[in-house]
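Just so it is clear, the model here is predicted, and its values are computed rather than measured.
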Amino acid sequence: MEHRIRHLKLNKRVSILMVVLLSTISISAQKYKAQNPVEGFIVTNTGDTIQGTIDYLSEEKCAMSCMFKGKAENDFRQYTPNDIQSYRLLNNGVFYVRRNYPVDGVSRTFFAEFLLQGSVSLYHYFDGQQHYYFLEDEKGEIAQIKQAEDEKELQTTPGEMGRARGMKVMQASQMLQQSPQAVNDLQHKDLTSRNLTSIVRQYNETFCSSWGDCVQFQYDEKASKTAKPRLRLEAGLAYWMSKNTDVAGTGTSLQPTIGIGIDLDFPRYGRKLTPQFMLHLSRLSHTIKNFYFKNSYNTDVDKVVVHTNYYDAKQQGYNVLVQMGCLHRLAMGESKNNLLLQWAIEPGYMLGFKSESEVGDEDTSSFPLFGIHAGVGFEIPTGSHHLNILLGYDWLKSKDAIIDRLQGISLKIAWIK
C-alpha cells in the first residue's frame, strides 16, 4: 500500500510538471511564427530590393502572398501581389514574380514561379487543384498549358486523347512553331516543370533573335527541391512503468532519454505532414517493491496455488527504439499556436536487461519490443531552425518472462536543423 501511494504521488508530480511546461509554451507562442524561414529578398513596387527572411510555405500559399520579415524588422508581414513586384529565395532558390494572366479565360493576379527567362519566358502557377504553365514571348503574347489530364480526357480513345492533348498545347505549339522538335515534345512528353523548361530553353537557344544571352535565368532545380531532410536531435525525461501478467507489482523509472533522426519536409506542398525516422535510447532502472506471483497451476499437487509471499526486485536495462511515423501540424498561421500531433510505430530492443530479487537473479539478456507512440506538443521557430516540445506516450509489448509490457510518458525537447 505504501509503495502504491508513493507511485501515485510521483505520477501526480510528473503530470503537474508537464502541464505547467506546456501551458507556458502555449502562452509564449501567440505571435505569427514562420514555418519554414529561408533567407531571401523582396522587390518593392518602386524597384527597391529589401533583404530579409521569407516564410517559404506551400506552392498554393506562395502564389497568393509572401510572408516576409526585413532584417531591421521584428515581425513577419504579409505581402500580396499588389504590394510588391517579386520575391526570391537566396542561393538561386525559388523566384516568384507578379503576373496578371487569363487562367481558363478569367483574369487573375498572382505570384507566378519564374522557371525560365528568355525570348520566350516560362512561368508556373498552382491554384491548389491544377498546375498551370504560361509561356510569354517578347511581343507579350501568352500561351497557357495545363499539366494534369482531366478525367474526361483519360476516358477517351487513344486517337481522341491525342487530339485533346493537341488542343491543350495548341497555343504553346503556335508560339514555338519554328521548331518542329519543340512542337513534337509538347505533344508527347509529360507536361512537367522540368520537361517544359527544357523544351523552352532549347527553343530559345536555337531561335533567339535578341541581343545578349538568349536565356537570362533558369530556376535551379536543386535549390528548389521539393523534399528537404532535416536533422532532428531530442533530449528529455521518460517515466517508464513495467508490468508482467504473472506478477502483481509495477516497476517505475524516471530516466533521461535521447534521440537522433531525420524529419523529411516538403515545403513546396506545405508542412502539415512530416515523415520521421528516429532512433531513441532510454535507460530503465527501478525497484519493484512487495511484488508477489499471481495464481499458478502446480502440477505436484494438481491444483491452482495462490502465492502469498512478497518480494523486492531490482531491474535495469536499456530501451533502444526505432520510431517510424509522422508529425502533423495543426492550426498554423497568424496568431495561432503551432500545435503538433505525433504518431509512430516502434520496433525496438531491450538491451542488457537484468533482474535481481530474493526469488533469484535473472541472467543479463536482451529481447525484442514492439509498440506504438503518440504525442502532442508545440513548435517554436528559432531563426532558420525549430524547437519542438512534445509530451509523448509509448506502449510496448514483449514476450519476455520478466517484463511483457512497458508503458512510458515522456517530455522531450527537439531541435530541428
Next on the checklist: Using ring centroids (six-membered ring only for Trp), state whether Phe134 and Tyr123 fall under 6.0 Å.
Outcome noted: no
Checklist entry - Do Tyr96 and Phe114 have ring centroids that are under 6.0 Å from one another? => result no
Are any non-hydrogen side-chain atoms of [X] and [Y] less than 4.5 angstrom apart?
X	Y	value
Leu196	Ile145	yes
Thr109	Arg99	no
Ile42	Ser86	no
Tyr132	Asp127	yes
Tyr133	Leu115	yes
Cys62	Tyr87	yes
Ile409	Leu391	yes
Leu387	Trp415	yes

Item to check | Flag if over 12 foreign heavy atoms under 6.0 Å of CD, Glu39 | outcome: no
Next on the checklist: Around atom OH of Tyr101, are there more than 12 heavy atoms from other residues, nucleotides or ligands closer than 6.0 Å?
Outcome noted: yes
Any sub-3.5 Å donor-acceptor pair from [X]'s side-chain atoms to [Y]'s backbone N or O?
X	Y	value
Gln85	Asn45	yes
Glu73	Gly70	yes
Arg405	Lys397	no
Gln255	Arg283	no

Checklist entry - Which residue, Arg230, Arg232, Arg329, forms the salt bridge (charged side-chain N to carboxylate O under 4.0 Å, His left out) with Asp263? => result Arg232
Checklist entry - Can Tyr393 and Gln407 be said to form a side chain to side chain donor-acceptor pair (under 3.5 Å), step by step? => result CA-CA 7 Å; Tyr393 173 77; Gln407 297 178 73; 2.7 Å; yes
Looking at [X] and [Y], what are the two nearest heavy atoms and their distance?
X	Y	answer
Ala172	Ala143	N-CB, 3.6 Å
Gln78	Ser65	NE2-OG, 3.3 Å
Met350	Leu284	CE-CD2, 3.6 Å
Gly352	Ser366	N-OG, 3.5 Å
Glu234	Ala414	CG-CB, 3.4 Å
Leu369	Ser398	CD2-CB, 3.5 Å

Please round to the nearest 0.5 Å and tell me the distance separating atom [atom1] of [X] and atom [atom2] of [Y].
X	Y	atom1	atom2	value
Ser173	Leu135	OG	CG	9.5 Å
Phe68	Thr53	CZ	OG1	7.0 Å
Asn204	Gln117	CG	CD	10.0 Å
Ser179	Gln181	OG	CD	6.5 Å
Asp137	Tyr203	CG	OH	8.0 Å
Gln276	Ile416	CD	CD1	8.0 Å

Checklist entry - Where do Leu176 and Leu186 land on the side-chain contact (heavy atoms from CB on, under 4.5 Å) test, with the steps shown first? => result CA-CA 10 Å; Leu176 307 181; Leu186 286 173; 4.1 Å; yes
Next on the checklist: Under the criterion side chain to side chain donor-acceptor pair (under 3.5 Å), I'd like the reasoning laid out for Gln342 against His328: C-alpha separation, chi angles, the key distance, then a yes or no.
Outcome noted: CA-CA 6 Å; Gln342 186 183 46; His328 188 190; over 6 Å; no
Checklist entry - Is any side-chain N of the basic residue among Asp104 and Lys146 closer than 4.0 Å to the acidic one's carboxylate O? => result yes
Checklist entry - Can Phe76 and Ile54 be said to form a side-chain contact (heavy atoms from CB on, under 4.5 Å), step by step? => result CA-CA 8 Å; Phe76 279 85; Ile54 294 170; over 6 Å; no
Item to check | By salt bridge (Lys or Arg N to Asp or Glu O under 4.0 Å) - contacts of Arg77 (at least two apart) | outcome: none
Item to check | side chain to side chain donor-acceptor pair (under 3.5 Å) between Asp190 and Thr192, worked out | outcome: CA-CA 6 Å; Asp190 291 336; Thr192 62; over 6 Å; no
Checklist entry - Would Val43 and Asp48 satisfy side-chain contact (heavy atoms from CB on, under 4.5 Å), going step by step from the backbone distance to the final call? => result CA-CA 5 Å; Val43 178; Asp48 297 324; over 6 Å; no
Item to check | Check against side-chain contact (heavy atoms from CB on, under 4.5 Å), Leu237 and Tyr239 | outcome: CA-CA 7 Å; Leu237 291 174; Tyr239 180 64; over 6 Å; no
Checklist entry - When you look at Ser198 and Asn195, which way does the side chain to side chain donor-acceptor pair (under 3.5 Å) test go after all the steps? => result CA-CA 5 Å; Ser198 176; Asn195 287 342; over 6 Å; no
